[in-house]
Amino acid sequence: MNSLRLAGAGLGFRRELIAALKIRVPAAIDFFELAPENWIDLGGAHGRDLRGFTERYPFVCHGLSLSLGGPAPLDELLLHKTRQFMDAHGIRLYTEHLSYCSDDGHLYDLLPIPFTEEAVKYVAARIRRAQDILERRIAIENASFYTAAPIADMDEASFIRAVLREADCDLHLDVNNVYVNSVNHRYDPVEFIRALPAGRIVYMHMAGHYREADDLLIDTHGAAVIDPVWALLDETYRIHGVAPTLLERDFNIPPLAELTREVERIARIQAAHQAHERTVRAS
């Protein structure tokens, strides 16, 4: 495994961007993220392109289809192939959504898990099994959702904390998802962020969304990040400290230069907080 360290600000590794990235990777981009399902077993020119980047930059694997909360058996074949892929490319961190996306087949959406003690134990057991197969700690991502599960013993933040404890895994904090859920389900996003355990946060996401109505936001990853989400990132760093943070953009992908400006904004916010922390330590 290589010694590339995950830190700073990153960008999703999209095939639409490879040509521009091969010419020059902007200095603001410290690392990349990919969905392993889209790259496992891929050879040819795309496979060679990926190798050229994983040899020079840290990467994160962000899973799309493990369905940690789903009723179907855990896809252990996918996990074994993912571990082999990560070993081959020197990738250390794997993250997945705290949700489910399959039953008899893939549902093509991320659905909320009931916030119950039974669900905590069920999901945590599947996370522990995934960690055993991957031979790595994984980080689970707080998911956006539009309809709450009909039964619940606790609120969302309590459920996340309980799963983290029971599974002994890490947290992938999606700041935009917190904002989207805070509007759709009418809660204070800063208080939600404050309720999460700082010691478990290893990775963060930033993204754009679509405003369907004043009280309904859709997590699309298809638009620029809006000012309230930037402000929430700033507050998240103030509360929990700086963690590696990636800009997600999954469709309506603009030119690399436009995406780079958002990555640079992440980096500037990180630098401001790191400078403040150094000042505090020196005083």
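Keep in mind that what you see is a predicted model, and the values were worked out from it rather than measured.
Residues in residues 230-253 take part in these salt bridge (Lys or Arg N to Asp or Glu O under 4.0 Å) pairs, two or more places apart or across chains: Arg14-Asp250, Glu235-Arg238. Contacts classified as ring pair (Phe, Tyr, Trp, His ring centres under 6.0 Å) and involving residues 228-265 (residues at least two apart or in different chains) are given here: Tyr237-His273.
Taking Glu76 as the reference, Arg129 meet the salt bridge (charged side-chain N to carboxylate O under 4.0 Å, His left out) condition, with sequence neighbours excluded. In this structure Tyr187 satisfies the ring-ring contact (aromatic ring centres under 6.0 Å, His included) test together with Phe192, sequence neighbours excluded. Applying the ring-ring contact (aromatic ring centres under 6.0 Å, His included) criterion to Tyr94, with sequence neighbours excluded, gives no partner residue. When the side chain to side chain donor-acceptor pair (under 3.5 Å) test is applied to Glu37, the partners found at least two apart in sequence or on another chain are Ser65. Arg200 is linked by a salt bridge (charged side-chain N to carboxylate O under 4.0 Å, His left out) to Asp168, counting only residues two or more places apart in sequence or in another chain. Under the ring-ring contact (aromatic ring centres under 6.0 Å, His included) criterion, Phe159 pairs with Phe115, sequence neighbours left out. For His185, there are no side chain to side chain donor-acceptor pair (under 3.5 Å) partners at least two apart in sequence or on another chain. By the salt bridge (charged side-chain N to carboxylate O under 4.0 Å, His left out) test, Arg161 pairs with no residue at all, sequence neighbours left out.
Glu118 CD: 12 or fewer foreign heavy atoms inside a 6.0 Å radius.
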Going by atom type alone, with no hydrogens or angles, which donor-acceptor pairs under 3.5 Å involve a side-chain atom of residues 16-31 and a protein atom two or more places apart or on another chain?
{"unit_1": "Lys22", "atom_1": "NZ", "unit_2": "Asp49", "atom_2": "OD1", "d": "3.0"}
{"unit_1": "Asp30", "atom_1": "OD2", "unit_2": "Ala9", "atom_2": "N", "d": "2.9"}

Hey, can you pull the donor-acceptor pairs under 3.5 Å for the side chains in residues 212-219, sequence neighbours left out?
{"unit_1": "Asp215", "atom_1": "OD2", "unit_2": "Arg186", "atom_2": "NH2", "d": "3.3"}
{"unit_1": "Asp219", "atom_1": "OD1", "unit_2": "Asn176", "atom_2": "ND2", "d": "3.0"}
{"unit_1": "Asp219", "atom_1": "OD1", "unit_2": "His221", "atom_2": "NE2", "d": "3.2"}
{"unit_1": "Asp219", "atom_1": "OD2", "unit_2": "Ser144", "atom_2": "OG", "d": "3.2"}
{"unit_1": "Asp219", "atom_1": "OD2", "unit_2": "His221", "atom_2": "NE2", "d": "3.4"}

Please lay out, stage by stage, how Phe13 and Phe59 fare under the test ring-ring contact (aromatic ring centres under 6.0 Å, His included).
-> CA-CA 9 Å; Phe13 192 71; Phe59 271 70; 5.3 Å; yes

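With respect to the salt-bridge test (charged N to carboxylate O, under 4.0 angstrom), the residues Arg265 and Glu262 do not qualify. Under 4.0 Å is where a charged nitrogen must lie from a carboxylate oxygen, and between Arg92 and Asp87 no such pair does.
In this structure, the separation between NE2 on His172 and CG on Asn177 is 8.0 Å, given to the nearest 0.5 Å.
When Leu233, Thr245, Leu196, Ile160 are each tested for a side-chain contact (heavy atoms from CB on, under 4.5 Å) with Leu173, only one passes: Leu196.
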